[in-house]
2 protein chains.
Amino acid sequence: MIIQIEAESDIPIYTQLTNQIIEGIARGEIAPGDSLPSVRAFAADLGVNMHTVNKSYHELEKKGIISIVPKSGAIISPTERISEEKKQQIITDLKPVIAEALVLGVNKKEVQEFVNTILGEMKER
Amino acid sequence: MIIQIEAESDIPIYTQLTNQIIEGIARGEIAPGDSLPSVRAFAADLGVNMHTVNKSYHELEKKGIISIVPKSGAIISPTERISEEKKQQIITDLKPVIAEALVLGVNKKEVQEFVNTILGEMKER
DNA sequence: ACAACTGTTCTATAATTCATAGAACAAATT
DNA sequence: AATTTGTTCTATGAATTATAGAACAGTTGT
């Protein structure tokens, strides 16, 4: 899996890393049961600080995407049934992006096409 | 249009305001040509600082959603043809949210339903 | 058993962001 | 003429982001 960090971005490095790991899982490049690199090795690889990678891992754990085994490693969790609360959070996150698209002149059909394009890049789990 | 600001949220106040204004336009509650309240009046209404509202207005202007006429007011811009670059930005913004949904166990069909639910709340322009 | 590696925790620093506050200016509105 | 407008300036305090180094204790590989 290729990770690309942009230091100049307004998105924090640990968030960029979190998102790209999630997208890697969604694409099927890494699967449940797989281990993520150690925080030190990954940090050295990316050219960032160990604590930055650690923060990303804990963000992923909080989201329920990986489980960190102390003194061992970070393992991608199996997919479970999502709660109604988390579904609502997804909708809340989607809403501002879709609203902006419509306001900027994207029509509804095109929004659906955008979503389908993205879904096409990802694996059904 | 009802604006609800959550001071405890991890989302900055000016971003919350920006998003809710965009959603108000998307729902058709406010339309191109309409004026937004003055930064001072809006700030007093919301119980936040004038500069916070001002920051939101400038964010909206940068996105091409309103036009600020100095010494006059902020007016919602008419919808124009969106550039290919902005379309790509929309897709870039959608991607992490959709990827997270899939990883958390939402299936593709359900993602499409989420999007359609949101689109149903908004007006075609 | 030993060495290497693991995540954790602690202190520390610098830059940036977020939100607030007050004041003053010049143009537009009433 | 008085009020309201967005703009600009300085200022402050809290929080966030990213880095750095050190030490600890458990796990893993040889």
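Residue numbers start from 1 in every chain, and the chains themselves are labelled A, B, ... in the order their sequence lines are given, proteins ahead of strands. Atom set for the values below is all heavy atoms of this structure, side chains included, hydrogens, waters and symmetry mates excluded.
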Side chains of Glu23(A) and Asn19(A): is there a donor and an acceptor less than 3.5 Å apart? no
I'd like to know if His51(A) reaches the base of dG21(D) with its side chain, counting only an N/O donor and acceptor under 3.5 Å. yes
Grab the CE-C1' distance between Met50(B) and dT7(D) for me, whole Å please. 9 Å
Any donor-acceptor pair under 3.5 Å linking the side chain of Lys108(B) with the backbone of Met122(A)? yes
Tell me which of Thr15(B) and Val69(A) sits closer to the 5' end of DNA chain C, going by the nucleotide each one is nearest to. Val69(A)
Comparing Gln16(A) with Ser72(A), nearest DNA chain D nucleotide closer to 5' gives the residue Gln16(A)
Scan Tyr14(A) against the nucleic acid and name what it touches under 4.0 Å (heavy atoms): base, sugar-phosphate only, or nothing. sugar-phosphate
Whole angstrom value for the distance that separates P of dC18(C) from CG of Asn54(B): 15 Å
On the side chain of Lys71(B), is there an atom forming a donor-acceptor pair with the base of dG6(D) - under 3.5 Å, no angle test? yes
Test your reading of the model: is there a side-chain donor-acceptor pair from Asn116(A) to the backbone of Gln112(A), 3.5 Å cut-off? yes
Find the distance Asp10(B):CG to dC18(C):C1' and express it as a whole number of Å. 13 Å
Do any N or O atoms from the side chain of Glu100(A) and from the backbone of Ile22(B) form a donor-acceptor pair under 3.5 angstrom? no
